[in-house]
Amino acid sequence: MTETSEQPIRARMAPSPTGPLHIGTARTSLYNYLFARHFGGTYVLRIEDTDLARGTADFERDIIDNLHWLGITWDEGPQVAEGEDIGPFGPYRQSNRSALYAAEAARLLASGGAYHCWCTPQELEAVRREQEAAKEAPRYNGRCLRLTDAERAQFVAEGRQPAIRFKVAPEVVRFDDLIRGEVEFDNSLLGDFIIVRGDGTPLYHFVVVIDDEKMRISHVLRGEDHLSNTPKHIALIRALGYREPQFGHIPLILNADRSKMSKRKSQTSVTAYRDEGYLPEAMVNFLAFLGWSPGTEEEIFTLDDLIARFDLAHVHKGGAIFDKDRLDYLNGIYIRSLTDEQLALRLRPFLPDGLDDEAVLRVVPLIKERLVKLADARELVAFLTETDDEVAARYDVAALVPKGRSLADAATALQAAREVLAELTAADFAADVLEGRCRAEAERLGWKAGDFFRPQRVAITGRSVSPPLFGSMELLGRDRVLARLDAALRKATLQESLA
RNA sequence: GCCGCAUUCGUCUAGAGGCCUAGGACACCGCCCUCUCAAGGCGGAGAUCACCGGUUCGAAUCCGGUAUGCGGUACCA
């Protein structure tokens, strides 16, 4: 396979801190990580913060934190936001590498591989419009390549700051994409492009090539949106005398309408999913399968499983829609695979402080298989922290009444249950005991158990959907259960007397 | 417009010429279980493998064309 070249494998992720960690970036980072780890290679994090205003520190922090959250680790690069770089090829933030870029630009200028361009944005825009009107490919017309010394002097005198433009050789560029196979482009269609702005800051296409070379990157796995950019990069690589890494372009993650996943149409920040209570295990498993499969029917994979099994041969070529239903399903699987102790720990940040750690651990068995996301726990356990009044205020008396029964019936059942439960001591208030008593009572009265339990469920939790009734009662304790039953009884009789 | 890439159930996918009357999973529907809701079990529906034409005894799989979608075409990354 092509991926096992003699070169040591070095892969990288190169996020730009222009926003919080994006789902697409996370997936690309994951694939690179899996690839590097699978082959025992080195993984590098490079922050692409060329020419970005301040305020990016927060985004860098978000990106690094969330990559860590996903379980992705790297051998070189900043390990924490604003932290020191680790690794022999730093600095790993492009904002700290300006001198390198300037030197390489000067080298290209000296060799004739690039030239100064004095054209203003307005002039370029005008040319572009003309070309479009003439139905030509819009590309640089090469004016500044043919400038006379006098013209050049004139621009300098005007105080114009030249950009640096790369001279693209008009040749067909071919490369063997790790995922798509042989791809070829005609670079004569490209036109010379700018690599350094008039203000001296370098552009993406230029710095990415320099950094990948200087950081000895052997394999560049990136989104398919870069496929068309690759011939530019190869042209630059050749002009600079660099070694060509292997390129692989992975399919895009799509919005529901099949366009490239975007903030406008989808929830794209990893943090947002994290805040909803998705588990990193589920996220990783889900993301990995958006564009890759092991080639079998297995579908539950931990990060380590993925490292062991990941291969480029099974990476798809077509894009994949981000299907939240499937993420939900996987999240449930991973939630249920945790021990109660582990789940309690993960639930902690999602639950009110009023519930102590002990209480959280006790309620976990009741809600575990009812959780799609960790945040769902809030509503499920609310009855524990709500006051008796708050619970009573949540429901209408009609909710107490089982189908086919009257309010008077419900009151009777409630009263009967109250009496049976009141006989128990606080110490005997255990789910199995409670259930036994209530079932016996239902039978004695000739009620179906489910119907008999309904008014109690509503009275105790304030909701007609709740965790298992008797477990809930046990957690609440004798006094509060009786108080809530009494409150329900009062509501019912009050209603009856009004009727 | 030009260039490039892609195209199997609604979705994620298995599939590398005969094992495919196309398999799994999610979602959906039904039944079972059941104190509600879930979880779980069982079953159902759902894809003329984008289309057309080749190659071949045989094509979802190979070739060509078309269509559609997406991406790129910036002094964005």
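Note on naming: letters A, B, ... go to the chains in the order of the sequence lines (proteins, then strands), and numbering restarts at 1 for each one.
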query: Is the shortest side-chain N/O distance from A/Tyr329 to OP1 or OP2 of B/C26 below 4.0 Å?
result: yes
query: Looking only at atom P, what distance separates B/G71 and B/G54, rounded to whole Å?
result: 35 Å
- request: Using only side-chain N and O atoms of A/Lys260, determine if any of them is under 4.0 Å from OP1 or OP2 of B/G72.
  value: yes
- prompt: Any idea how A/His205 and A/His233 line up, ring-wise: parallel (<30°), tilted (30 to 60°), or perpendicular (>60°)?
  reply: tilted
query: Rounded to the Å, how far apart are A/Ile234 CD1 and B/G72 P?
result: 18 Å
message: Taking only the C1' atom of each, what is the distance from B/G69 to B/A74 in whole angstrom?
response: 24 Å
For nucleotides 20-22 of chain B, list the nitrogen or oxygen atoms of the protein found under 3.5 Å from its nitrogen or oxygen atoms, one pair per line.
none

- request: Find the partner of B/A59: check Watson-Crick (N1-N3 plus N6-O4 or O6-N4) and G-U wobble (N1-O2, O6-N3) distances, both under 3.5 Å, and reply none if neither fits.
  value: none
Pair A/Phe166-A/Tyr115, ring pair (Phe, Tyr, Trp, His ring centres under 6.0 Å): steps then yes or no: CA-CA 7 Å; A/Phe166 176 64; A/Tyr115 55 92; 9.3 Å; no
- prompt: Does a side-chain N or O from A/Arg197 land closer than 4.0 Å to OP1 or OP2 of B/A77, or not?
  reply: yes
query: Got A/Leu347 and A/Ile367 here, is their nearest side-chain heavy-atom distance under 4.5 Å?
result: yes
Between B/G10 and B/C3 - P atom distance, rounded Å: 33 Å
- request: Establish, with yes or no, whether the OP1 or OP2 oxygen of B/G40 is under 4.0 angstrom from a side-chain nitrogen or oxygen of A/Arg336.
  value: yes
- request: Between protein and nucleotides 4-18 of chain B, map the contacts as a letter string: B base, S sugar-phosphate only, - none, heavy atoms under 4.0 Å, written 5' to 3'.
  value: SBS----SBSSS---
